[in-house]
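Order of the sequence lines fixes the chain letters, A, B, ..., with proteins taken first and strands second; residue numbering starts at 1 for each chain. Keep in mind the model is a prediction, meaning the values are calculated, not measured.
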Amino acid sequence: MATFQSLPGFRDFYPEDFSRRQHIFRAWRHTAHAFGFQEYDAPVLEPLELYTTKSGEEIEGQLFSFKDKGGREVSLRPEMTPTVCRLVGARAGALKRPIKWFSVAEFFRYERAQKGRLRAFSQFNGDIFGEPGPEAEIELIAMLIQCLAGFGLTKDDFYVRLSDRDLWFFYLEALGFNDEQSRAILSAVDRYEKMGDDAFMSYAEAHGELDFVAMTKIKAMFGVRDFNRLESLIAADFVALVVTETARSKLNARLADWRKILGGLEAMGLKEFVQVDLSVVRGLAYYTGFVFEAFDRKGDLRALAGGGRYNNLVKKLGGPDLPAVGFAIGDVTTGLLLEQRGLMPSFVNAPDLYAVIGGEAERSAAFADIQALRAAGFRVEYPFKELAFGKQFKAAAESGAKLALIYGSEELANGVVKIRDMSDRTEREIPRDHVLAAVRDALAGG
RNA sequence: GCGGUCAUAGCUCAGUUGGUUAGAGCACAAGAUUGUGAAUCUUGGGGUCGCGGGUUCGAGUCCCGUUGGCCGCCCCA
């Protein structure tokens, strides 16, 4: 047993693990480029205040924070959102709109590790700045879906739950609740899935029991799973209740945005991935409108991804008033889901070519070709030590190389090299000065 | 921060009521095999049995503590 091991919640990435993570990163970047997003990164270490300003002092308990040698309070980044707000805010005037940025980066949170949650993890973050309308949501939700579908996951594997904090506030306002009461109700809605009716106890303590009619309406609202039902619930309340004209027009405007998002995603053929679900509230208060989360269909994993609109955050962090929507997908849960569904490719590290070298005398000739082939971009392996031919062919086969190049004394005496197709075991001789061309030709076909 | 559970080779595990020098399979390496393939056989390296203390003539085994993994609670940006 080694004396030192990695810190709790941190992972070592041996080559197989690294290749698995790399597979995830590659697919994410591929998708982001297809959607026209630009990649950025920023320091892993940030001023602690960036996070306490955004999330409150309490957040420090969950951070890898410390005082640096200059006495600065600093923290490893626990998320990308404040950082990207800082970057965009600083140059907002000079950036072409819409601003569509993404990153693939590592984050650190001082929390107890659990299934799907570690202390160090990677996330894909995609954000759109400068677009207040639901067009940004369409773009981001479509990209979120593709970030998972790109691995071969389908609508039977995962789905995106779409909710709307504005709709909630406008609806509760129409029911006669003030802002503080509405927040307490939303916090109960957030916990309802886990706690049931007990979730409303803290509301009752602060504001008195909810009356039966209001409770029924609220439960109906977060029980809704399709848009037509949502519309008809609200339409029915317009008839049954005394609703002010402003509350009515706010709600109607929200419903129009909903129609736009759902219509847009349907036109993209993504309807089956999206479910209306107002029980998603997403705890932290900085979300200002639509919020969404992706889950696996079987429901035995933590959330795959989450995001939403945060129109006030850039300004709060010192930038201009800039609307924003974003989401993040984690590598840990995504990796677990891909393993579960057999979509994680096995580690492949096969060279294109394996050079079989007769002896020390032949090594120099082989080296010349090996270097030329490598410079041309081919992956070439050869044995470090002198080995029997039998061993070398075995090594070549185990390496997974498509071709073997044979540098024996007989071949070199004739000015040729044998090129062996490892899959069908056929061999042919080629002149030494045609090796590169012959390899190119042989590998082009398969 | 709280609770449950586990910890023996790189991996998966065995190890009797406490008893000699802690084992197997896989993996890795060498040889059989100095011009042709994933097989087979032989051999080898690799363990302070997570760590520390206690009980005992004797601890991988029992007790306490600790660290770490896994699972759950709180939290989840």
Side-chain angles (χ1 to χ4, degrees), chain A residues 1-12 14-17 46 50-56 58-63 75-85 107-119 121 123 125 127 187 190-191 194-195 280-287 291 293 300 302-308 310 313 317 326-330 332-333 336 350 354 356-362 383 385-401 403-413 418-427:
Chain A
M1 196 57 67
T3 308
F4 295 107
Q5 38 185 313
S6 63
L7 260 17
F10 284 70
R11 292 169 288 174
D12 292 320
Y14 283 82
E16 312 87 279
D17 311 309
E46 292 272 22
L50 183 62
Y51 305 111
T52 53
T53 300
K54 183 208 163 207
S55 308
E58 322 80 63
I59 196 68
E60 196 176 343
Q62 322 263 20
L63 298 178
S75 174
L76 290 173
R77 61 186 174 196
E79 57 167 326
M80 196 52 114
T81 308
T83 297
V84 69
C85 285
F107 300 94
F108 308 87
R109 297 180 183 176
Y110 200 88
E111 299 178 292
R112 189 68 145 193
Q114 268 176 55
K115 186 178 187 184
R117 186 175 79 178
L118 300 171
R119 286 184 169 184
F121 56 93
Q123 280 187 344
N125 274 258
D127 294 272
S187 136
D190 192 29
R191 285 170 299 170
K194 201 170 282 178
M195 298 173 64
V280 174
V281 179
R282 286 187 72 74
L284 266 96
Y286 70 87
Y287 284 115
V291 290
E293 294 189 325
D300 50 20
R302 308 176 64 84
L304 293 160
Y310 49 98
L313 199 54
L317 292 170
F327 72 86
I329 316 183
V332 183
T333 313
L336 287 170
Y354 192 98
V356 172
I357 302 169
E360 287 310 314
E362 290 76 30
K385 304 247 160 54
E386 200 170 339
L387 278 179
F389 271 75
K391 273 253 190 284
Q392 293 194 57
F393 281 105
K394 188 170 170 178
E398 285 174 351
S399 78
L403 299 175
L405 293 175
I406 303 163
Y407 293 87
S409 52
E410 295 163 19
E411 286 83 359
L412 293 180
K418 260 191 200 135
I419 180 165
R420 179 179 175 91
D421 185 318
M422 296 301 289
S423 58
D424 62 14
R425 306 187 178 203
T426 56
E427 280 176 13

>> Closest approach to the side chain of A/K394, judged atom by atom: which nucleotide of B/G72, B/G35, B/G37 is it?
In response: B/G37
> When you measure from the side chain of A/A388, which nucleotide among B/U34, B/G37, B/G35 comes out closest?
Replying inline: B/U34
>> Tell me the interatomic distance from A/E60, atom CD, to B/C76, atom P, rounded to whole angstroms.
In response: 17 Å
> Can A/F393 be called stacked on B/G37 when the rule is centres closer than 5.5 Å and an angle between planes below 30°?
Replying inline: no
> Across all strands, who's sitting opposite B/U33 as a Watson-Crick or G-U wobble pair, both distances under 3.5 Å?
Replying inline: none
> In Watson-Crick or G-U wobble terms, both distances under 3.5 Å, what is the partner of B/C73?
Replying inline: B/G1
>> Suppose we define a pair by two distances each less than 3.5 Å, Watson-Crick or G-U wobble; what does B/G25 pair with here?
In response: B/C11
>> Taking any heavy-atom pair under 4.0 Å as a contact, classify A/G116: base, sugar-phosphate, or nothing.
In response: nothing
>> I want to verify a distance call: between B/G37, B/A77, B/G35, whose nearest atom is closest to the A/A397 side chain?
In response: B/G37
> Taking all atoms of both residues into account, what is the closest heavy-atom pair of A/D127 and A/G326, and its distance?
Replying inline: OD1-CA, 3.1 Å
> Base, sugar-phosphate, or nothing for A/P8, non-hydrogen atoms under 4.0 angstrom?
Replying inline: sugar-phosphate
> When we call it a touch if two heavy atoms are under 4.0 Å apart, what does A/E362 touch: a base, just sugar-phosphate, or nothing?
Replying inline: nothing
>> Taking donor-acceptor contacts at under 3.5 Å, does the side chain of A/R420 reach the base of B/G35?
In response: no
>> For a quick check of understanding: with a heavy-atom distance under 4.0 Å over all strands, which category does A/M422 fall into, base, sugar-phosphate or nothing?
In response: base
> How would you label the contact of A/K194 with the nucleic acid (heavy atoms, under 4.0 Å): base, sugar-phosphate, or nothing?
Replying inline: base
> So, does the side chain of A/E427 form a donor-acceptor pair with the base of B/G35 at under 3.5 Å?
Replying inline: no
>> Can a donor-acceptor pair be found, under 3.5 Å and without considering hydrogens, that links the side chain of A/D424 to the backbone of A/T426?
In response: yes
> Across all strands, who's sitting opposite B/C57 as a Watson-Crick or G-U wobble pair, both distances under 3.5 Å?
Replying inline: B/G19
>> Just the rounded figure in Å: distance from C1' of B/A77 to CD of A/Q62.
In response: 9 Å
> Where the side chain of A/R425 is concerned, which of B/G72, B/G37, B/G69 is the nearest nucleotide?
Replying inline: B/G37
>> Quiz question: going by heavy-atom distance under 3.5 Å, is there a donor-acceptor pair between the base of B/C75 and the side chain of A/R117?
In response: yes
>> Please classify the nucleic acid contact of A/L387 as base, sugar-phosphate, or nothing, using heavy-atom distances under 4.0 Å.
In response: nothing
> Between the side chain of A/R109 and the main-chain N/O of A/Q62, is any donor-acceptor distance below 3.5 Å?
Replying inline: no
> Which comes earlier along RNA chain B counting from the 5' end, the contact point of A/R302 or that of A/S6, where each point is its nearest nucleotide?
Replying inline: A/S6
>> Using a heavy-atom cut-off of 4.0 Å across all strands, would you classify A/E410 as base, sugar-phosphate, or nothing?
In response: base
> Between A/E46 and A/R77, is there a salt bridge with N-O shorter than 4.0 Å?
Replying inline: no
